[in-house]
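In what follows, every chain begins at residue 1, and chains take the letters A, B, ... in the order their sequences are listed.
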2 protein chains.
Amino acid sequence: MSLPFDVLADPTRRRLLELLRERPRPVGELVDELEMSQPRVSKHLRVLREAGLVTVRVDAQRRWYELRPQPLAELDAWLEPYRRLWCESLDALERHLDARPEQPGEPGRADGSWGPKCPGGGGGSERGE
Amino acid sequence: MSLPFDVLADPTRRRLLELLRERPRPVGELVDELEMSQPRVSKHLRVLREAGLVTVRVDAQRRWYELRPQPLAELDAWLEPYRRLWCESLDALERHLDARPEQPGEPGRADGSWGPKCPGGGGGSERGE
DNA sequence: TCCCTGTATGTCATTGACGTTATATGCCGT
DNA sequence: ACGGCATATAACGTCAATGACATACAGGGA
């Protein structure tokens with residue numbers, strides 16, 4: 001329980017996760033990247049640590065922070081029951097757009113920016129589970 | 001942009017989404033379900049509306065709120081670059097646990113509460129896209 | 001041992017979110 | 001037109017998160 005929504009609500013913390021996605025880093029490096037005061041970064045790291053989103057490896061006076069993706073997996077699990085919904089509506093949208101090729105007034109959604117991977121591939125309303 | 005993290009950070013709003021996941025509902029029904037004051041619910045609905053997470057259909061003096069899952073799809077897209085990470089670490093964990101069957105000191109994670117669906121099914125580190 | 005580097009924490013003021021109570025708006029039935 | 005129901009908004013107090021600044025702590029090298 002205790003999904004990490006509130007932790008992820010802060011843009012600074014999301015940037016930290018992005019940086020740590022590439023590789024573990026010591027605090028000073030994160031400070032340099034984010035161009036923020038060191039206490040500020042340390043406090044956000046503390047929040048991330050308490051939420052289990054990062055772990056620390058102590059190396060002399062340097063602390064290497066490392067991403068711990070498990071809470072994000074729980075977030076992904078939370079999304080699960082909603083996934084089918086946007087697949088369905090995406091499907092409906094596709095059929096809709098299919099009928100009228102490119103309405104000039106509406107902002108184009110013809111690119112791939114939309115539904116990232118509906119389970120069924122083709123995007124049907126079937127459910128296996 | 002403007003991911004719905006801060007909107008979803010509130011438990012009340014998540015409960016609202018849960019209720020609306022089943023079917024569209026008028027405000028009064030949501031108030032009854034949540035056992036909260038009507039202004040409180042209305043304000044949260046406003047936040048959800050402004051974030052695009054719900055839409056309203058006006059029916060006389062009743063307002064039917066309906067879930068709009070697109071922003072959740074964007075959240076899902078945000079998760080994408082992290083997904084492979086927990087698949088990898090889950091994989092590593094599996095191998096790890098496989099080696100030592102049930103350490104008594106650690107809290108058991110042997111149940112299925114873990115990684116919901118890594119793309120590759122078996123949980124490998126392959127990537128097909 | 002002393003100092004310097006790297007990092008964490010304490011204090012404090014500011015800000016914004018949240019909840020409650022009171023009130024406004026809009027639509028219906030009579 | 002009037003009263004009442006369903007919902008939105010306003011005003012206000014409260015509380016927690018955030019950030020800046022100052023300081024504490026720990027380890028390493030001289």
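Note on B:Trp64 and B:Leu53: separate hydrophobic clusters, where clusters join Ile, Leu, Val, Met, Phe, Trp and Tyr whose side-chain heavy atoms are under 4.5 Å apart, directly or indirectly.
A donor-acceptor contact under 3.5 Å links the side chain of B:Lys43 to the base of C:dT20.
In the region residues 15-41 of chain A, proximity to DNA chain C at under 4.0 angstrom, judged on heavy atoms, holds for A:Pro26, A:Val27, A:Gly28, A:Gln38, A:Pro39. Within residues 53-67 of chain A, the residues approaching DNA chain C are A:Gln61, A:Arg62, A:Arg63, A:Tyr65, by heavy-atom distance under 4.0 Å.
Residue B:Arg49 has its side chain nearest to D:dA8 when only D:dA8, C:dG19, D:dT18 are considered.
With salt bridges taken as basic N to acidic carboxylate O contacts below 4.0 Å, none links A:Glu18 and A:Arg15. Comment: A:Arg23 engages A:Glu29 in a salt bridge, judged by a side-chain N to carboxylate O separation of less than 4.0 angstrom.
Within the nucleic acid shown, B:Asp10 comes within 4.0 Å of sugar-phosphate atoms alone, with no base atom in reach, counting heavy atoms only.
Proximity of B:His44 to the phosphate of C:dG19: a side-chain N or O atom is located under 4.0 Å from OP1 or OP2.
Between B:Leu48 atom CG and C:dA17 atom C1' the separation is 14 Å, expressed in whole Å. If you take CZ of B:Arg13 and P of C:dG19, they are 8 Å apart, rounded to a whole angstrom.
With no hydrogens or angles considered, a side-chain donor-acceptor pair links A:Tyr65 and A:Arg49 at under 3.5 Å.
You'll find the side chain of A:Arg14 reaches within 4.5 Å of the side chain of B:Trp78, heavy atoms only.
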